[in-house]
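What you see below is based on every heavy atom in this structure, not just the backbone, and it leaves out hydrogens, waters and symmetry mates. Keep in mind that this is a model prediction, so the values were computed, not measured.
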Amino acid sequence: MHQVAAIQMISGPDVHANLTRAGELIARAAAQGARLLLLPECFALFGSPHLARVAEEEASGARPIQQFLADQAERHGVWLIGGSIPLPRQPGGKAMAACLVFDDQGREVARYDKLHLFDVEVADNQRSYRESRDYGYGDQLVCIDTPVGRVGLSICYDLRFAELYLALRRSGAELIVVPSAFTAVTGAAHWDILLRARAAETQCYILAANQGGLHPGGRETFGHSCLVDPWGEIQAGMDQGEGVVIGALDPEYLESVRGRMPVLQHRRFAAVDTIVPAAKESQTHE
């Protein structure tokens, strides 16, 4: 049995305040025995007009958010998955929504750039979301070995694209993480349904860390961070607010589910193992 944790936050535009709060919650999760911790999407910066400046700092020698993640992982002796931060692939480039993974020695061991960007209309007080104005499209699957098993990386809006999760399963994933900032409206409609479906169809554990409440500026996120087992049952979770969700991965149960219903071997259509080139940034998704 491996303990993992999803950290739920209500981040704002102040990077220092966000990192301070994240550090408190990381310490709480580590003290409860979690070996792998997941922060939500935009944990260090949410709703700020200074995203480009922060991205530039992260691409330069300063790297304050990346250094925070490395320090926290080493201090607590945990594997830490840093939700998403704005980070260009090279200095001067467009920011990517990057999910960075640090091992228990504080070494960066993986990076995933968000594949699907949230360009949609939502019936809330913001109404229009255009993530591609600020971020570029990722183009790579990422699946890595960790002490708790093989982990597939995804971010938020990726959750709506089942082919990505099936490709991660075919890449050996046993746990798939979903750091998110699901809106209150879309979360109420689809969050639990999508998480449980992705878990059941891939027969993987799904660990989802969402932003969870009313943010400065009026945007509201859904919360309900959770751990879903490979049968599609929610094993641990919370509602809104800030906090920590702790749950256990059971490798024997995972193998039992897969052995009793070997859906991967039964599949008659090939899973998508290649990434379709990104659409032009002016297009609207969903």
Side-chain angles (χ1 to χ4, degrees), residues 3-11 25 29 34 36-43 46 81 83-84 99 114-116 118 120-126 129 131 151-169 173-215 219-250 253-254 257-258 261 263 285-286:
Q3 297 281 354
V4 297
I7 293 172
Q8 186 162 293
M9 298 179 63
I10 308 174
S11 301
L25 293 168
L36 180 143
L37 283 61
L38 175 66
L39 288 161
E41 184 180 29
C42 303
F43 74 95
F46 191 101
I81 302 178
S84 73
C99 179
K114 189 176 183 180
L115 280 164
H116 303 96
F118 192 60
V120 305
E121 308 299 323
V122 177
D124 63 9
N125 57 8
Q126 183 160 324
Y129 295 81
E131 202 169 37
V151 178
L153 305 182
S154 70
I155 301 174
C156 199
Y157 190 48
D158 285 335
L159 186 61
R160 294 185 181 274
F161 301 91
E163 63 272 18
L164 169 60
Y165 289 75
L166 292 172
L168 289 169
R169 165 69 200 274
E174 297 162 306
L175 167 68
I176 302 175
V177 297
V178 193
S180 298
F182 249 67
T183 72
V185 171
T186 58
H190 300 141
W191 175 251
D192 287 358
I193 294 170
L194 290 170
L195 289 172
R196 295 184 66 190
R198 296 295 88 88
E201 69 197 7
T202 63
Q203 298 177 315
C204 289
Y205 281 95
I206 302 288
L207 182 65
N210 200 17
Q211 295 278 349
L214 185 63
H215 301 260
R219 182 172 165 185
E220 187 175 2
T221 47
F222 184 63
H224 293 78
S225 299
C226 60
L227 175 68
V228 188
D229 73 21
W231 191 244
E233 297 292 334
I234 296 176
Q235 293 300 309
M238 62 179 293
D239 293 329
Q240 288 199 311
E242 294 188 319
V244 172
V245 174
I246 301 283
L249 310 182
D250 184 343
Y253 180 68
L254 178 78
V257 168
R258 292 179 175 185
M261 189 178 293
V263 294
H285 299 266
E286 198 175 80

*Asks:* According to the salt bridge (charged side-chain N to carboxylate O under 4.0 Å, His left out) rule, which pairs have a member within residues 227-240, sequence neighbours left out?
*Replies:* Arg196-Glu233
*Asks:* By side chain to side chain contact (heavy atoms under 4.5 Å, CB included), which residues pair with Ala199, not counting sequence neighbours?
*Replies:* Ile206, Val228
*Asks:* Just how far is it from atom CG of Leu153 to atom NZ of Lys114, taken to the nearest 0.5 Å?
*Replies:* 14.0 Å
*Asks:* For Gly83 and Pro179, which heavy atoms make the closest approach, and how far apart are they?
*Replies:* CA-CB, 3.5 Å
*Asks:* Under a 3.5 Å distance rule, please check whether Glu41 uses its side chain to pair with a backbone N or O of Val178 as donor and acceptor.
*Replies:* no
*Asks:* Locate the shortest heavy-atom distance separating Ser154 from Tyr165; write the atom from each residue and the value.
*Replies:* OG-OH, 2.7 Å
*Asks:* Between Leu36 and Ile81, is any pair of side-chain heavy atoms under 4.5 Å apart?
*Replies:* yes
*Asks:* How would you list, by chain and number, every residue that makes a salt bridge (charged side-chain N to carboxylate O under 4.0 Å, His left out) with Glu174, sequence neighbours excluded?
*Replies:* none
*Asks:* Could you grab the distance from atom CG of Leu115 to atom OH of Tyr157, nearest 0.5 Å is fine?
*Replies:* 12.5 Å
*Asks:* Are His224 and Asn210 close enough that some pair of their side-chain heavy atoms sits under 4.5 Å apart?
*Replies:* no
*Asks:* So do the side chains of Gln211 and Arg219 get within less than 4.5 Å of each other, counting heavy atoms only?
*Replies:* no
*Asks:* Looking only at heavy atoms, what is the nearest atom pair of Leu168 and Gly152, with distance?
*Replies:* CD2-CA, 4.0 Å
*Asks:* Is there side-chain contact between Arg258 and Pro230, with heavy atoms separated by less than 4.5 Å?
*Replies:* no
*Asks:* Only counting residues at least two apart or in another chain, list the ones meeting salt bridge (charged side-chain N to carboxylate O under 4.0 Å, His left out) with Arg198.
*Replies:* Glu201
*Asks:* Got a second to check how far Ile10's CD1 is from Gln240's CD, nearest 0.5 Å?
*Replies:* 7.0 Å
*Asks:* Output all residues satisfying salt bridge (charged side-chain N to carboxylate O under 4.0 Å, His left out) with Glu220, sequence neighbours left out; order by chain, then residue number.
*Replies:* none
*Asks:* Looking at residues at least two apart in the chain, or sitting in another chain, which of them share a side chain to side chain donor-acceptor pair (under 3.5 Å) with Ser225?
*Replies:* Gln8
*Asks:* How long is the straight-line distance from CZ of Arg169 back to CG of Leu164, given to the nearest 0.5 Å?
*Replies:* 14.5 Å
*Asks:* Partners of Ser84 by side chain to side chain donor-acceptor pair (under 3.5 Å), sequence neighbours excluded?
*Replies:* none
*Asks:* Under the ring-ring contact (aromatic ring centres under 6.0 Å, His included) test, which residues partner Phe43, sequence neighbours left out?
*Replies:* none
*Asks:* Taking the six-membered ring for Trp, are His116 and Phe161 parallel (under 30°), tilted (30 to 60°) or perpendicular (over 60°)?
*Replies:* parallel
*Asks:* Using a 3.5 Å cut-off and no angle test, enumerate the donor-acceptor pairs between side-chain atoms of residues 243-250 and protein atoms at least two apart in sequence or in another chain.
*Replies:*
unit_1: Asp250; atom_1: OD1; unit_2: Glu252; atom_2: N; d: 3.0
unit_1: Asp250; atom_1: OD1; unit_2: Tyr253; atom_2: N; d: 3.3

*Asks:* With sequence neighbours excluded, what pairs up with Glu242 under the side chain to side chain donor-acceptor pair (under 3.5 Å) test?
*Replies:* Arg21
*Asks:* Is any side-chain heavy atom of Tyr205 closer than 4.5 Å to one of Val4?
*Replies:* no
*Asks:* Between Leu195 and Cys226, is any pair of side-chain heavy atoms under 4.5 Å apart?
*Replies:* yes
*Asks:* Suppose we screen for side chain to side chain contact (heavy atoms under 4.5 Å, CB included). Which residues come up paired with Val122, at least two apart in sequence or across chains?
*Replies:* Phe118, Val120, Asp124, Tyr129, Thr183, Val185, Thr186
*Asks:* Which residues pass the ring-ring contact (aromatic ring centres under 6.0 Å, His included) test with Phe46, not counting sequence neighbours?
*Replies:* His215
